[in-house]
Number of protein chains: 2
Amino acid sequence: MNSPRLQLVSDTPGLSRYGALAAALRARIVAGEWPPGTAMPSEQQLATDHQVALGTLRRALESLAAQGLIERVHGKGTFVRAGLTGSPLLRFFRFGQGTGEVPVSRILARDRIAAPAAISRRLGLGAGTQVLRLRRLRLLQGQPCLLEEAWLPLPLFDALADSDPREWGDLLYPEYASRCGVHVHRAVDEVSFGTLAATQARQLALPAGHPSAVVSRHAFDLAGRCIEARTSVGDAHAFHYTVTIT
Amino acid sequence: MNSPRLQLVSDTPGLSRYGALAAALRARIVAGEWPPGTAMPSEQQLATDHQVALGTLRRALESLAAQGLIERVHGKGTFVRAGLTGSPLLRFFRFGQGTGEVPVSRILARDRIAAPAAISRRLGLGAGTQVLRLRRLRLLQGQPCLLEEAWLPLPLFDALADSDPREWGDLLYPEYASRCGVHVHRAVDEVSFGTLAATQARQLALPAGHPSAVVSRHAFDLAGRCIEARTSVGDAHAFHYTVTIT
DNA sequence: AAGTGGTCTAGACCACTCT
DNA sequence: GAGTGGTCTAGACCACTTG
């Protein structure tokens, strides 16, 4: 590939050059020029492409790295961050021994349905759009610990709707990536408390009316589109979370 | 004041020069050379003091700013951060209308006592050290919303133990600063859930056994000493918290 | 050895704040 | 206008990774 000689045309006059550069690089990343997990060109290359000094280019990359968009590895290169992969929900709970074990997943139901109004709003879709609804139970050492309901927009997740759930792993995000090419880049969790309805209680093997912790998640891809709305419910007494304020 | 011509002697050979510089500056701040809220010398001055290039000095200051130790203001100077001042507990609750209103504080009890084992451990004190125990109720529009118990080491907080609580404002941290010269620089909150004991319930005007959110806080000063252990209890149904994962 | 990102320097110039 | 931090440059050298 030869040097594109891109122009830095900032429509925001008050913006610094490295700020404009960061925005331009972000746009190239979001556009898919370098897919998640792959390496970007070297600093030298990018600097000459955009016709800025090396230091300025580095400032821009540093800001993108601080935003979690890219990762820099000494001696290897600069990489677009792959999606979230872990089990980030577990940060809110301490079940059993609290070893970092990943809960086993049991799919309870999977349906293509028209999104209820509340869901289409959360996903930013038109009213009545088709979505995939996933209900699953998560267990640690055979004990139910979390009950989840996930809503996924169609046709983006068609591949998930058509595949055999028994082939899935215990984590959903790797399936999103491998089967649908969807990378979860950012997630917002809202925590609140309530009590278990009768059916929820039965599935979690707890008494009805038992206090529950509810985590409502919105997950977004690189471009900022909401690609999952999820609600997870667990025993309030297993809830535990630490925040540092500065 | 003349130029100290400080030497940068890093005992950690693997550490970069700006890293060592940042550590040295942090030490000067923690030692109280520039008290919280006051300005540090200019970049030029610090750079010549420590015999490094301006860019290197700036890197060090940037890392201290990222850690929340200092604040930089364009055209004015670099300032050691004053302590936390707001009402950070409220980030966990949404009472009533949820306007950013600060709850009124009513002191229920104030005692000098020997610290129970659990408390002296939390504060990092020797067993049986004298501490100040503060119990207070916080109210919004006349409605009780939070019940708090704070433990403060003595003799550091003697001034608080001897003053008239009716002169205090609704926030404790400004009192710590003005009366005892203690600045809260960092706080760690641990959230969990439980149910209200009979006395707690009565004070919060809720039924006994009602689900509760419990926030257990450790607060630290610039030097990293724990200067407050606090436990706050509120209605679990008023709890609400948002986290962004990246 | 070649290529990558990380550190450090020295200096010019700009933007903001205060008097 | 003087003093402060913020931006940008150009280049030298170092440290890490890979073939």
Side-chain angles (χ1 to χ4, degrees), chain A residues 1-3 5-10 12-25 29 34 37-81, chain B residues 1-3 5-10 12-25 29 34 37-81:
Chain A
M1 196 182 295
N2 51 12
S3 313
R5 292 276 159 191
L6 304 174
Q7 195 71 10
L8 257 192
V9 210
S10 171
T12 320
L15 196 56
S16 58
R17 191 178 299 198
Y18 74 80
L21 223 195
L25 290 171
I29 290 170
W34 310 292
T38 64
M40 297 171 65
S42 73
E43 298 182 340
Q44 277 294 352
Q45 186 60 53
L46 287 172
T48 59
D49 280 7
H50 289 91
Q51 310 192 55
V52 297
L54 244 183
T56 306
L57 186 273
R58 285 182 56 80
R59 281 275 259 156
L61 289 184
E62 274 159 22
S63 88
L64 293 181
Q67 293 166 43
L69 206 68
I70 61 176
E71 266 172 338
R72 320 199 66 197
V73 184
H74 195 168
K76 295 185 73 173
T78 302
F79 301 83
V80 176
R81 272 197 42 182
Chain B
M1 200 179 293
N2 50 12
S3 313
R5 293 275 162 196
L6 303 175
Q7 193 70 9
L8 257 192
V9 210
S10 171
T12 320
L15 195 58
S16 59
R17 191 176 300 200
Y18 73 81
L21 223 195
L25 290 171
I29 291 170
W34 309 292
T38 64
M40 297 171 64
S42 72
E43 297 183 340
Q44 276 296 352
Q45 185 60 53
L46 287 172
T48 59
D49 280 5
H50 288 91
Q51 310 193 53
V52 297
L54 242 183
T56 306
L57 186 273
R58 284 182 58 80
R59 281 275 258 154
L61 288 183
E62 275 159 21
S63 88
L64 293 180
Q67 294 167 42
L69 206 67
I70 60 176
E71 267 172 339
R72 318 198 67 197
V73 185
H74 194 167
K76 295 186 73 175
T78 302
F79 301 83
V80 177
R81 270 194 46 181

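Throughout, protein chains are lettered first and strands after them, A, B, ... in sequence-line order, and every chain is numbered starting at 1.
Contact annotation: A/T78 does not reach the phosphate of C/dT4 (side-chain N/O to OP1 or OP2, under 4.0 Å). In this model, the phosphate group of C/dT7 is approached by a side-chain N or O of B/R59 to a distance below 4.0 Å at OP1 or OP2. Between C/dG6 and B/R17, no contact under 4.0 Å exists linking OP1 or OP2 to a side-chain N or O. For B/T56 and C/dT7, the shortest distance from a side-chain N or O to OP1 or OP2 is not below 4.0 Å.
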Show me the protein contacts with nucleotides 11-17 of chain C, counting only N or O atoms at under 3.5 Å.
from   : atom 1 : to    : atom 2 : distance (Å)
C/dA15 : N3     : B/H74 : NE2    : 2.9

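B/Q45 has its CD atom 15 Å from the C1' atom of D/dG5, to the nearest Å. When rounded to the nearest whole Å, the span between CG of A/L57 and C1' of D/dA10 equals 14 Å. Going from atom CZ of A/R58 over to atom P of C/dC8 covers 12 Å, rounded to whole Å. Following rounding to the nearest Å, A/F79 (CZ) and D/dT17 (C1') show an atom-to-atom distance of 10 Å. Distance, B/L64 CG to D/dG5 P: 14 Å, rounded to whole Å. Following rounding to the nearest Å, B/Q44 (CD) and D/dA2 (P) show an atom-to-atom distance of 16 Å. Between the P atom of D/dT7 and the CG atom of A/L21 lies a distance of 13 Å, rounded to the nearest Å.
Here D/dG5 is the nucleotide among C/dC8, D/dT9, D/dG5 with the atom lying nearest to any side-chain atom of B/S42. In this structure, the nucleotide among C/dT9, C/dT7, D/dT9 sitting nearest to the side chain of B/Y18 is C/dT7. If you check D/dG6, C/dT9, C/dG6 against the side chain of B/R72, the one that comes closest is D/dG6. In this structure, of D/dT9, C/dG5, C/dT9, it is C/dT9 that holds the atom nearest to the side chain of B/A53. Taking only side-chain atoms of A/E43, from C-beta outward, the nucleotide of D/dG6, C/dG5, D/dC8 with the closest atom is C/dG5. Closest contact between the side chain of B/S16 and the listed nucleotides C/dT7, D/dT9, D/dG5 involves C/dT7.
Nearest heavy-atom pair, A/G37 versus A/F79, reported as atom, atom and distance to 0.1 Å: O-CD2, 4.0 Å. Nearest heavy atoms, B/T56 versus B/Y18: O-CB, 3.7 Å.
Rounded to the nearest 0.5 angstrom, B/L25 CG and B/L57 CG are separated by 6.5 Å.
Comparing the axis of the opening five pairs of the helix from C/dA1-D/dT18 to C/dC18-D/dG1 with that of the closing five pairs yields an angle of 10°, rounded to 10°.
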Residues 59-75 of chain B side chain polar contacts: donor-acceptor under 3.5 Å, at least two apart:
from  : atom 1 : to    : atom 2 : distance (Å)
B/S63 : OG     : B/A60 : O      : 3.0
B/Q67 : OE1    : B/R26 : NH2    : 2.6
B/Q67 : NE2    : B/S63 : O      : 3.4
B/R72 : NH2    : B/E43 : OE2    : 2.5

